[in-house]
Q: 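Got a structure for you, written out below as structure tokens; questions coming shortly.
In what follows, every chain begins at residue 1, and chains take the letters A, B, ... in the order their sequences are listed.
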Amino acid sequence: MSESSNTNQSSDFIREIIREDLETGKHITSVTRFPPEPNGYLHLGHAKSICLNFGIAEENSAKGARCHLRFDDTNPTKEETEYVESIKEDIRWLGFDWGDHLYFASDNFEQLYEWALFLINEGKAYVDDLSADQIRVYRGTLTEPGKDSPFRDRSINESLELFEKMRIGDFKDGEKVLRAKIDMTHPNINLRDPVIYRILHAEHHRTGNDWCVYPSYDFAHGQCDAIEAITHSICTLEFEQHRPLYEWFIDNLPVPHQPRQIEFSKLQPTFTLMSKRRLIQMVEEGHVDGWDDPRMSTLSGMRRRGYPPEALRTFCKMVGVTKFSGITDIAMMEHSIREQLNREALRRMVVLDPIKVTITNWPGNDHQEIMKAVNNPEDDSLGTREIPLSGTVYIERDDFMVDPPKKYYRLSPGSEVRLRYSYCILCDEVIKDSEGSIIELKCTYDPLTLGKNPEGRKVRAAIHWVPFKEAVSAEIRLYERSFTVEEPGAEDDWRTALNPEALTVLENSKLEPHLADASEGTSYQFERKGYFCIDSKNSTQESLIFNRTIALRDSWAKINKK
RNA sequence: AACCCCGUGGUGUAAUGGUAACACAACGGUUUUUGGUAUCGUUAUUCAAGGUUCGAAUCCUUGCGGGGUUGCCA
């Protein structure tokens, strides 16, 4: 395999900072981290962060660089072990590895608690008795400064004593908090005495009932970075105004390392919903079948849909890393998926919506010929396969029109078309049922057209077909974009933007015989239709189910629309 | 409204004071036994105004526009 995809990583402002820090000797290597909260499934936005953090580690591996996987589990009311496992699986699927560097913020609860005591002893933190509502009022607003809590100046000893009591469970949830003592009039609201410990009588997925006080994100994250010797702590833009607080803790605590926080803009693709909250709603309200429904922008959904992980990585590379919060055309991702699949997918013939075709001049019922088909025109080493042809085949319903428009090259009464990898056929007769729908076509074939063009006339189209007798039946699920508008998240109600055609189920598709033993995890191109894969959840040996990963680019559909 | 960040084709990025480059999209050709693939062409003087400079997308000033922030979420 070519290594060019690894070395071609273009630089960005973050990699530039790291390169400089390595050059000037500020750091001898880079240590990054991917810090998900285990309270949901990973989605496409996380892929960007994963590719960035693990990508940097790969690029600097010669210098011993590494990327940690750290679960940011400081809120026991929201987090579950189930998510920990799915997150690991998704990262591995994307092709990254954290080696021995698996960490949990909760591993550091004791150290964090001690650092909280340290701050109290320094007169830089205090226990506050104000309620959550009161704290909000005292904080002031964006335009008005806040006011000091009446408990702000209580003695170090009293705070020490109260914080100890908080820890052993003497108080109820919300009764008291520990706050950093910074500046209630600071223009940056994050520095107006932020809460750093709150009381939560909840069972933690790892520490059980050992604790009933938990550090806030702000108090935990940077310190965990410091403990793990993270050099560059990369996060998204909404944490930008938390950076002064991040630095305040690093400056005021006896931490072993000085990590640096750098922010970049998160991915926002068109026609896609990304917020965790809304993804949860899609599942819970039953708009989809689960977190791994192929209509979901979760990594598990995309995996089940058949998106190759390489394509996701290419896409992340394409969109780059900046501080500009724009919106990325999902067509870019679709392009990288098609590009990847075109290269590797085995070609097969599948008739999604069949019509029967009888070749009336075929030399007899028992006569059979073997056609040779290429497995992948992009890669000769994948060889050829054989498909039997007798007098009856299936073709696609929309490859035939009784009354075709001008530029329609496919089959119609009196016109000729090539059966791909086989002969040309001419349509002589259309047979309809009592309701007027087409049930069969009678055609004649030209025995002189196998492997060569007919003489004296031009046949413009080659259509796919499946032998009638040997065909294998299957259910096929056609997926489209999940939303009908570019920014579903910007709608008053995103539900109104759900695409009713995001999933179409075809129950009577006909596959060429080689697909009977299609294997899970392999991508196939159904010629002229798109890329498909076995549905990993519902398909069985007896009743095959394929998911459409993505349709082929279809310039005829465009012409037809005009 | 206060603070912070960001403005380069339709979209996402590059150009690190010296000819505005790449990808996607769109449109139009060529090739083709996949209306696929491949391939060729077309589409911006960089938000605006002023300043510094031989020279500005890049540096400075002001304005305009966009995003973020008022959880005991992360």
Q: Rounding to the closest angstrom, what is the interatomic distance between B:A49 and B:U70 at atom C1'?
A: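 Taking atom C1' in both B:A49 and B:U70, they lie 35 Å apart.
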Q: Taking any heavy-atom pair under 4.0 Å as a contact, classify A:Gly146: base, sugar-phosphate, or nothing.
A: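 It contacts nothing in the nucleic acid.
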Q: Work out which heavy atom in A:His205 is nearest to a heavy atom in A:Val84; give both atom names and the distance.
A: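 Shortest heavy-atom separation between A:His205 and A:Val84 comes out as CE1-CG2, 3.9 Å.
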Q: OP1 or OP2 of B:C24 sitting under 4.0 Å from any side-chain N/O of A:Ser336?
A: no
Q: Using the P atom on both, measure B:C4 against B:A14 and round to a whole Å.
A: 25 Å
Q: Going 5' to 3' through nucleotides 10-18 of chain B, assign each nucleotide B (protein heavy atom under 4.0 Å from a base atom), S (under 4.0 Å only from sugar-phosphate atoms) or - (no protein heavy atom that close).
A: -BSSS-B--
Q: Name all residues meeting the side-chain hydrogen bond (donor to acceptor under 3.5 Å, both in side chains) criterion together with A:Asp128; count only those two or more places apart in sequence or in a different chain, and write none if there are none.
A: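 side-chain hydrogen bond (donor to acceptor under 3.5 Å, both in side chains) list for A:Asp128, sorted by chain: A:Ser149, A:Arg179.
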Q: If the P atom of B:A48 is compared with that of B:G65, how far apart are they to the nearest Å?
A: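 Approximately 15 Å lies between the P atom of B:A48 and that of B:G65.
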Q: Is there a donor-acceptor pair under 3.5 Å between the side chain of A:Ser325 and the backbone N or O of A:Ser265?
A: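 Between the backbone of A:Ser265 and the side chain of A:Ser325 there is no qualifying donor-acceptor contact (under 3.5 Å).
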Q: Can you tell me which residue pairs pass the salt bridge (charged side-chain N to carboxylate O under 4.0 Å, His left out) test with a partner in residues 190-199 of chain A, sequence neighbours excluded?
A: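 Found A:Arg152-A:Asp193.
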Q: Output every pair passing side chain to side chain donor-acceptor pair (under 3.5 Å) with a member in residues 270-279 of chain A, not counting sequence neighbours, ordered by first then second residue.
A: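 Residue pairs with at least one partner in residues 270-279 of chain A: A:Asn39-A:Lys276.
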Q: Write down the distance between CZ (A:Phe264) and P (B:G68), rounded to a whole number of angstrom.
A: 16 Å
Q: Taking only residues two or more places apart in sequence or in another chain, which ones pass side-chain hydrogen bond (donor to acceptor under 3.5 Å, both in side chains) with A:Glu164?
A: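 side-chain hydrogen bond (donor to acceptor under 3.5 Å, both in side chains) list for A:Glu164, sorted by chain: A:Tyr113.
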Q: Atom NZ of A:Lys406 and atom C1' of B:G35: how far apart are they, to the nearest Å?
A: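 Answer to the nearest Å: 18 Å.
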Q: With a 3.5 Å limit on both atom pairs, tell me what B:G41 is paired to, counting Watson-Crick and G-U wobble, or say none.
A: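 With both distances under 3.5 Å, B:G41 matches B:C27.
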Q: Rounding to a whole Å, what distance do you find between A:Glu527:CD and B:G35:P?
A: 9 Å
Q: Treat primed atoms plus P, OP1 and OP2 as sugar-phosphate and everything else as base, then score nucleotides 69-74 of chain B 5' to 3': B for base contact with protein heavy atoms under 4.0 Å, S for sugar-phosphate contact only, - for none.
A: BBSBSB
Q: Could you check how far CD of A:Glu144 sits from P of B:A1, rounded to whole Å?
A: 15 Å
Q: Distance check, rounded to the nearest 0.5 Å: A:Arg338 atom CZ versus A:Arg553 atom CZ?
A: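 Those atoms lie 5.0 Å apart.
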Q: Pick the P atom in B:G63 and in B:C24, then give their distance to the nearest Å.
A: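 Rounded to whole Å, the distance is 41 Å.
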Q: What is the distance from CD of A:Gln525 to C1' of B:G35, rounded to the nearest Å?
A: 13 Å
Q: Would you please name every residue forming a side-chain hydrogen bond (donor to acceptor under 3.5 Å, both in side chains) with A:Thr143, sequence neighbours left out?
A: A:Thr141
Q: Under 3.5 Å, is there a donor-acceptor pair between the side chain of A:Ser415 and the main chain of A:Leu411?
A: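 Checked: no pair found.
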Q: For B:G7, measure the glycosidic angle (O4'-C1'-N9-C4 for a purine, O4'-C1'-N1-C2 for a pyrimidine) and name it syn if it falls within 90° of 0, otherwise anti.
A: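 This nucleotide is in anti.
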Q: Report the residues that fulfil side-chain hydrogen bond (donor to acceptor under 3.5 Å, both in side chains) with A:Glu455, sequence neighbours left out, ordered by chain and then residue number.
A: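 With neighbours one apart ignored, the set is empty.
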Q: Round to the nearest Å and state the distance from A:Tyr409 atom OH to B:G36 atom C1'.
A: 15 Å
Q: Roughly how many Å apart are B:C6 and B:U13, using the C1' atom of each and rounding to a whole number?
A: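 These two C1' atoms come out 15 Å apart once rounded.
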Q: Provide the full list of ring-ring contact (aromatic ring centres under 6.0 Å, His included) pairs with a residue in residues 323-345 of chain A, sequence neighbours left out, each pair given once.
A: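 Matches after skipping sequence neighbours: none remain.
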Q: On a whole-Å scale, what distance lies between the P atoms belonging to B:C3 and B:U62?
A: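 Looking at atom P only, B:C3 and B:U62 are 13 Å apart.
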Q: Applying ring-ring contact (aromatic ring centres under 6.0 Å, His included), name anything that partners A:His186, two or more places apart in sequence or on another chain.
A: none
Q: Base, sugar-phosphate, or nothing: which does A:Tyr408 touch, judged by heavy atoms less than 4.0 Å apart?
A: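 The answer is base, as A:Tyr408 lies within the cut-off (heavy atoms under 4.0 Å) of a base atom.
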Q: Which base sits across from B:G71 as a Watson-Crick or G-U pair, both distances under 3.5 Å?
A: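 Its partner: none found.
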Q: CZ/A:Phe163 to CD1/A:Ile196 distance, rounded to the nearest 0.5 angstrom?
A: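 If we round to the nearest 0.5 Å, A:Phe163:CZ and A:Ile196:CD1 are 7.0 Å apart.
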Q: Under a 3.5 Å cut-off for both distances, is B:A20 Watson-Crick or wobble paired, and to whom?
A: none
Q: For A:Ile262 and B:C4, give me the distance from atom CD1 to atom C1', rounded to whole Å.
A: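 Rounding to the nearest Å, CD1 of A:Ile262 and C1' of B:C4 are 17 Å apart.
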Q: Would you classify A:Lys529 as touching base, sugar-phosphate or nothing, given that sugar-phosphate means primed atoms plus P, OP1 and OP2, and contacts are heavy atoms under 4.0 Å?
A: nothing
Q: A:Tyr445: what forms a ring-ring contact (aromatic ring centres under 6.0 Å, His included) with it, not counting sequence neighbours?
A: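 ring-ring contact (aromatic ring centres under 6.0 Å, His included) check on A:Tyr445 returns A:Trp362, A:Tyr423.
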Q: Counting primed atoms plus P, OP1 and OP2 as sugar-phosphate and everything else as base, spell out the protein contacts along nucleotides 37-47 of chain B at 4.0 Å heavy-atom distance: B, S or - for each nucleotide, 5' to 3'.
A: S----------
Q: Say we look at B:U52 and B:A26: how far apart would their P atoms be, to the nearest angstrom?
A: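 It works out to 46 Å between them.
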Q: Test for a donor-acceptor pair under 3.5 Å between the base of B:U34 and the side chain of A:Arg528, counting only N and O atoms.
A: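 Absent.
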Q: Measure the distance from CZ on A:Phe271 to P on B:A25 and round it to the nearest whole Å.
A: 14 Å
Q: If you look at every strand shown and take non-hydrogen atoms under 4.0 Å, does A:Glu263 touch a base, only sugar-phosphate, or nothing?
A: nothing
Q: Please report the distance separating the P of B:G9 from the corresponding atom of B:C5, rounded so that it comes out in whole Å.
A: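 Each nucleotide's P atom is 22 Å from the other's.
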Q: Identify the nucleotide, in any strand shown, that forms a Watson-Crick or G-U wobble pair with B:G65, with both distances under 3.5 Å; if there is none, say none.
A: B:C6
